[in-house]
Structures are given as structure tokens and as C-alpha cells.
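Have a look at the structure below before the remarks.
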Amino acid sequence: MAEAVVFTSGNGSNFQAICEAVAETEHKITAMICNKKDAYSFVRAAKLGIPAYHVSYLGRSRGETEAEIDALLTRLKPDLIVLAGFMKLLSPEMTEKYAGKIINIHPALLPKYPGTHGIEESFASPDKELGVTVHYVDAGMDTGKVIRQKSFFRTGEETIEEIEEKIHACEYEIYPQTVIELLNRAEEGK
Ligand code: GRF
């Protein structure tokens with residue numbers, strides 16, 4: 001069995017999709033860590049029976065918050081750290097310490113449209129092919145090595161809401177799959 005911790009900042013729908021898929025395997029999601037006290041991901045964690053931790057970035061330095069995150073990770077010793085809608089940039093110290101163990105999902109076909117407006121920028125682009133990217137996390141903003149992408153062709157008739165729905169459907173398909181594959185690999189390496 002290998003273990004993962006999921007980081008969120010809001011809705012947590014990817015977190016839930018991952019938990020439900022991992023529950024069908026020998027692996028385990030041992031915790032959800034969120035920087036927003038009122039995030040809906042806490043409601044999901046409670047329903048899923050996953051221990052949830054709030055780590056605040058408010059009124060203190062990133063270093064202080066990351067020290068708290070690092071203490072949790074030192075205790076939990078996850079094989080994989082899964083960022084799922086986590087809206088904070090981790091410091092180079094953290095990404096180096098956990099290099100090769102932190103992954104993220106981005107709602108665009110990287111290297112196109114990194115940052116926080118991946119869906120809006122994809123929608124506004126002339127691109128016919130849109131999609132999502134799972135990648136390793138390094139110190140940059142959505143710059144780490146790509147692990148997997150899934151794309152679809154748009155008709156051009158869709159509203160932004162419809163495009164968003166298609167993008168999320170791609171996420172719910174490839175993110176849980178990738179997490180399970182990486183947990184399988186971690187297990188094999190033990
Ligand atoms: C997803 O679209 C993800 O690609 C992006 O943030 C969104 C998170 O949604 N990084 P949720 O919190 O998983 O519902």
C-alpha cells in the first residue's frame with residue numbers, strides 16, 4: 001500500500017474523484033490539507049472520512065505556513081503529494097525537498113495558458129484542441145515536467161460553462177488514474 005496527501009483550496013471536486021478512485025485500490029489518501037477555512041473540500045473530506053487539516057497563510061509569512069505543512073508531511077510521510085486546485089505557490093525549498101513527489105493538475109494544455117486563468121484563456125484562444133495537464137511541481141508556476149495530458153476538440157458552439165464542464169470531465173478521468181499509477185509505482189519501489 002502507498003499513501004497520498006491531497007492539497008486543496010476550494011471546491012475539492014478533484015479531491016473527491018481521487019478519493020473515490022483510490023478507495024477501490026489497496027492505496028490510501030491519508031489526509032486533505034487546505035489553506036481556506038471555509039472551503040467546500042472540508043465538507044467533502046468529512047463525508048469521505050478523510051482527516052482534514054487547515055493551514056492558514058493569513059497574517060504570517062509563507063515560510064511559517066510551510067513549516068506547519070512540512071511538519072504535517074513529516075508526520076504523515078506520504079509517498080505522493082497531490083495538488084488539486086491548491087491556489088498557493090510552494091517555495092523552491094518545498095518543491096526541492098519533495099521533488100518528484102508533488103504533482104498538480106492544470107486546466108489547460110501546458111505549456112499553454114499557465115497560471116490561474118487556464119480555462120478562460122483556453123476558451124478565449126483560437127485553439128480548436130483544449131484539455132488538461134497533470135505535471136510534476138517545480139518552483140515555477142505550472143512549469144514542471146508533464147506527466148499526462150487529455151484533450152478534446154471543441155465545436156466552437158460551446159459556452160464557457162460547457163467548455164469548463166468538458167475540462168473538468170477530463171480532469172476527473174486522468175487525475176485519479178495518474179495518482180493510482182504513481183502510487184502503484186511507489187509501492188513497487190518499496
Ligand atoms: C481545477 O480545474 C484544477 O485544474 C485547477 O483548479 C480547479 C480545482 O477544482 N487547478 P476542484 O477544487 O478540484 O473542484
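Note that ligands are numbered from 1 as they come in the structure, with each ligand's atoms numbered from 1 the same way. From a predicted model like this one, the values you see are computed outputs, not experimental measurements.
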### Message
Quick check: closest heavy atoms across S122 and L130, and the distance to 0.1 Å?
### Response
O-CD2, 3.7 Å
### Task
Any salt bridge (Lys or Arg N to Asp or Glu O under 4.0 Å) involving residues 51-66? Give me the pairs, sequence neighbours left out, ordered by first then second residue.
R60-E68
For [X], is at least one N or O under 3.5 Å away from an N or O on ligand 1?
X	value
I105	yes
G10	no
Y172	no
E171	yes

### Task
Run the numbers for me: atoms of ligand 1, each under 4.0 Å from some heavy atom of N11, listed by number.
12 (O), 14 (O)
Shortest protein heavy-atom distance from [atom], along with the residue and atom involved:
atom	value
atom 9 (O) of ligand 1	N14 ND2, 3.8 Å
atom 8 (C) of ligand 1	G85 CA, 3.5 Å
atom 14 (O) of ligand 1	S13 OG, 2.4 Å
atom 12 (O) of ligand 1	G12 N, 2.8 Å

### Query
Distance-only, no hydrogens or angles: does the N104 side chain make a donor-acceptor pair with backbone N or O of H135 under 3.5 Å?
no
### Query
Do any N or O atoms from the side chain of E158 and from the backbone of G156 form a donor-acceptor pair under 3.5 angstrom?
yes
### Query
What's in the same ILVMFWY side-chain cluster as Y57, cut-off under 4.5 Å, chained through other members?
V5, F7, I33, Y53, V55, I69, L72, L73, L76, I81, L83, F86, L90, M94, Y98, I102, V137
### Query
Side chains of N35 and M87: closer than 4.5 Å at any heavy-atom pair?
no
